[in-house]
2 protein chains.
Amino acid sequence: MKYSKATNYALHTMLFLAVATPNKLVSVHQLAEWQKVSPTYLSKILTKLVKEGMIDSSSGANGGYSLKSNWEDISFLDIIHAIEGKSSLFDCCLNEEPECLIKQTMLSAEEKMEDELKSQKLVELAKKIKVDI
Amino acid sequence: MKYSKATNYALHTMLFLAVATPNKLVSVHQLAEWQKVSPTYLSKILTKLVKEGMIDSSSGANGGYSLKSNWEDISFLDIIHAIEGKSSLFDCCLNEEPECLIKQTMLSAEEKMEDELKSQKLVELAKKIKVDI
DNA sequence: CAATTACAGACTTTATATATCTATAATAAC
DNA sequence: GTTATTATAGATATATAAAGTCTGTAATTG
Ligand code: SF4
Ligand code: SF4
């Protein structure tokens, strides 16, 4: 069980947009070159973020991607959910038996991780990095 | 990102051993039939648990698997680690940059989940289930 | 010895992640 | 309006890992 590389690319891209160029448009070409990944593949990933309403895109010359105006609300969990989906990490055969203790335990542990990821806002990381620089 | 079915089988098996027959030997045949999974596949999984010192096995007629004497210390995390391995869920290209904020955030969230899984002991679940019955 | 059970390794199958290729649509610059 | 630039979509391909099978071996019991 691992986070996918796609999630990794999404997190890095979002932090890049937040730190380096909070307003300007950045092309997938730049982002892909920086992360050493193919532009078409990264494009697929970024399109998911667009559909989740986290970033804007514009076609044409000097087009690219930019954070949406409400970007300061975005958490790590939002980004991860956009790429990995929102279903539980624990799949059991039948999702009947709501009071099953195994399921409860696994879900509650997962919730602890999600709570932490939800509390980590992109904007806070971006601020810290800017101070470092 | 999902927990593997193997982890699911391991958790179910351990709880079965803890609840139903804390002392007696149970064959993989029984365990596999109960979980509707092939015996040879389940056998592979249980061998991992043997190697991690969580259960004992004995060959020969009337052989099978049983919990080890120290089984009351076993947590969910122990079982999961035995099957999924102990490496982090978050893999980034170079594991340099120890102060990287993305990595720190992901690892600390994962730690929250692991802390919860570590606090959930098999024996406590077994007790609750026995009371229910 | 014969039956039963765990263990080991090679192998196959299936599923998913990762990546590529090609074509289309939108926009800006000229 | 034409051309260059950029995002989007869908089909396809490759790589990797999970899931499961098959076969043979070792250990134990009776
Ligand atoms: S017993 Fe619980 S964990 Fe297992 S399959 Fe049923 S609901 Fe899921
Ligand atoms: S920047 Fe941080 S998260 Fe990204 S690859 Fe480097 S260490 Fe890993």
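Letters A, B, ... mirror the listed sequences (proteins, then strands); counts begin at 1.
No side-chain heavy atom of A:L31 sits under 4.5 Å from any side-chain heavy atom of A:V37.
A donor-acceptor pair under 3.5 Å is absent between the side-chain atoms of B:E110 and the main chain of B:S88, judged by distance alone. At distances below 3.5 Å, at least one donor-acceptor pair connects side-chain atoms of B:K121 with backbone N or O atoms of B:D73. A donor-acceptor contact shorter than 3.5 Å is absent between the side chain of A:S43 and the backbone of A:P39. Between the side chain of A:E84 and the backbone N or O of B:M1 there is at least one donor-acceptor pair closer than 3.5 Å.
Taking atom NZ of B:K36 as the reference point, atom P of D:dG20 lies 14 Å away to the nearest angstrom. Rounded to whole Å, the distance from CG on A:D56 to C1' on C:dT27 is 15 Å. The interatomic distance linking A:D91 (CG) with C:dT16 (P) rounds to 10 Å, in whole Å. When the P atom of D:dT5 is taken as reference, atom CD of A:Q30 falls 14 Å away, rounded to whole Å. For B:L25 and C:dT4, the CG to C1' distance is 13 Å, given to the nearest whole Å. Atom C1' of nucleotide D:dA18 and atom CG of B:L42 are separated by 16 Å, given to the nearest angstrom. Remark: P of D:dA9 and NZ of A:K48 are 13 Å apart, rounded to the nearest angstrom. Put simply, CD1 on B:I45 is 11 Å from C1' on D:dA18, counting in whole angstrom units.
Nearest nucleotide to the side chain of B:S57, out of C:dC7, D:dA19, D:dT8: C:dC7. The side chain of B:S38 lies closest to D:dG20, out of C:dA6, D:dG20, D:dA7. Considering only the side chain of A:Y65, D:dA7 comes nearest among C:dT18, D:dA7, D:dG20.
With 3.5 Å as the limit, one finds no donor-acceptor pair spanning the side chains of A:H81 and A:E52. In summary, the side chains of B:Q120 and B:S75 do not present any donor paired with an acceptor at a separation below 3.5 Å, with no hydrogens or angles considered. If you check the side chains of B:K2 and A:S87, you find a donor sitting under 3.5 Å from an acceptor.
Each of A:L46 and B:K5 was assigned the nucleotide of DNA chain D with the nearest heavy atom; the assignment lying further toward the 5' end belongs to A:L46. Toward the 5′ end of DNA chain C lies the nearest nucleotide of B:S27, the other residue of the pair B:S27 and A:V37 mapping further downstream.
Terminal axes of the helix from C:dC1-D:dG30 to C:dC30-D:dG1 (five pairs each, C1' rotation axis) are separated by 10°, to the nearest 10°.
For the OP1/OP2 pair of D:dA18 and a distance below 4.0 Å, the side-chain nitrogens and oxygens of A:K2 include no atom meeting the criterion. Regarding contacts with the backbone of D:dT8, a side-chain N or O of A:T47 is found under 4.0 angstrom from either OP1 or OP2. A close approach under 4.0 Å does not occur between any side-chain nitrogen or oxygen of B:Y9 and OP1 or OP2 of D:dA18. At least one side-chain nitrogen or oxygen of A:K51 sits closer than 4.0 Å to the OP1 or OP2 atom of D:dA9.
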Quick one, give me the B/S/- string for nucleotides 22-30 of chain D, reading 5' to 3', where B means a protein heavy atom under 4.0 Å from the base and S means that only happens at the primed atoms, P, OP1 or OP2.
B----BBSS
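For the side chain to side chain contact (heavy atoms under 4.5 Å, CB included) test with A:T13, the passing option among A:L46, A:I79, A:I45 is A:L46; the others fail.
Ring planes of B:F90 and A:Y3: perpendicular class, angle over 60° (limits at 30 and 60°).
At the heavy-atom level, A:S43 lies under 4.0 Å from base atoms of the strands shown.
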